[in-house]
Protein chains: 2
Amino acid sequence: MNLIFYNIMSLTSREEDYLEAIYLLTGRHVAVGLTDVARELGVTLPTVKSAVTRLKERGLVDQKHYGKIVLNPMGHKIGAEIYRAHRALRVFLNEILRVPLEISETEACLMEHAISKDTLKKLECFVHDYQTRDNG
Amino acid sequence: MNLIFYNIMSLTSREEDYLEAIYLLTGRHVAVGLTDVARELGVTLPTVKSAVTRLKERGLVDQKHYGKIVLNPMGHKIGAEIYRAHRALRVFLNEILRVPLEISETEACLMEHAISKDTLKKLECFVHDYQTRDNG
DNA sequence: ATAGAATATTAGATTCATCTAACTTTGTCA
DNA sequence: TGACAAAGTTAGATGAATCTAATATTCTAT
């Protein structure tokens, strides 16, 4: 079911970042505006605007004129998945490699786009197993 | 000693890829041409040309008109370091997470740019320790 | 209800990374 | 030694991602 989408829909890292940011903000806010995303990612409003326009063209988000940003089901799914990779990587870096939290955060954010579904699953298992049998 | 350079010299992922490719080819060939790099990275000649031009402007490589590509000391150092990160990540993915080699190769190549010197050192230690006490 | 603040939009520029097509130089071998 | 192949160069286009500056809309609080 995803194969069809995945081929058409190979997103850039940056598109994934925007999707992830919107996903996270959606979990905290009632409504997500361009300004929220801009703050979250440290970019300017027009930059967010053009990213959202591109995501809109791909059918991953909706935004009415002067309106809030809403994730479509596929956008939500991708955002959630990117965040899952982000979290697994951050935990691996921070709790297993003992990289400081801030740095783990930053580097996880850069690595999260590189990791496939299969690898993510393996990483999650590894992290889980490692934690349950008290290593380190 | 590196701080000065590192600030001026924040390379894009792609610039790092080219440097790494040239570094690897240098270890195999006598002389590295644009065509070798193009083959290695799967891009066209003009693309390599413009990348090399940019790396030349940064003083990381040299190339005379119609000549071969030569890494300058700093370029060599960066290329070697990127490759070190690449290797550590590939080994982690392949030998510890049991991700198939081809996929480990690809994903390491994407992650290698995200990882700082400190994190790399930690990852290398982790991989080493993991391997010496026969886990899995 | 409206003025001022906050937010969103548009226009236009820049840089990187890529491509194709056309051209030039170098190198080789018959 | 000169024709042809291989390698390198240049020109020009495209798209993503970013910015600043200017403009438009919406919200809010008096």
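Values below: every heavy atom of this structure, side chains too, minus hydrogens, waters and symmetry copies.
Protein atom CD of A:Glu16 is 11 Å distant from nucleotide atom P of D:dA17, rounded to whole Å. Per the geometry, CZ belonging to B:Arg58 stands 13 Å off C1' belonging to C:dA17, to the nearest Å. Distance CG (A:Asp17) to P (D:dA16): 16 Å, rounded to an integer number of Å. The distance from atom NE2 of A:His113 to atom C1' of D:dA16 is 15 Å, rounded to the nearest whole Å.
OP1 or OP2 of D:dT18 has at least one side-chain nitrogen or oxygen of A:Arg14 nearer than 4.0 Å. The phosphate of C:dA17 (OP1 or OP2) has no side-chain N or O of B:Thr47 nearer than 4.0 angstrom.
Under a 3.5 Å cut-off, the side chain of B:Asp129 and the backbone N or O of B:Phe126 do not form any donor-acceptor pair. The backbone N or O of A:Leu34 sits nowhere less than 3.5 Å from a side-chain atom of A:Lys49 that would complete a donor-acceptor pair. At distances below 3.5 Å, not a single donor-acceptor pair connects side-chain atoms of A:Gln63 with backbone N or O atoms of A:Lys56.
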Kindly determine whether A:Arg39 and A:Thr35 satisfy side chain to side chain donor-acceptor pair (under 3.5 Å), including the steps that lead there.
CA-CA 6 Å; A:Arg39 247 193 298 273; A:Thr35 301; 5.7 Å; no
Working note: A:Asp118 + A:Lys121, criterion salt bridge (charged side-chain N to carboxylate O under 4.0 Å, His left out); need CA distance, chi angles, decisive distance, verdict.
CA-CA 5 Å; A:Asp118 284 351; A:Lys121 196 86 208 76; over 6 Å; no
Per-nucleotide protein contact string for nucleotides 2-9 of chain C (B base, S sugar-phosphate only, - none; heavy atom under 4.0 Å):
-----SBB
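With D:dT18, C:dC19, D:dT20 as the choices, the nucleotide that has an atom nearest any side-chain atom of A:Thr44 turns out to be D:dT20. Nearest to the side chain of A:Val43, among D:dA17, D:dT18, C:dT18, sits D:dT18.
Counting any heavy atom pair closer than 4.0 Å across all strands shown, A:Thr12 reaches sugar-phosphate atoms only and no base atom.
Outside the 6.0 Å centre-distance limit, the rings of A:Tyr130 and B:Tyr130 are not counted as a close aromatic pair.
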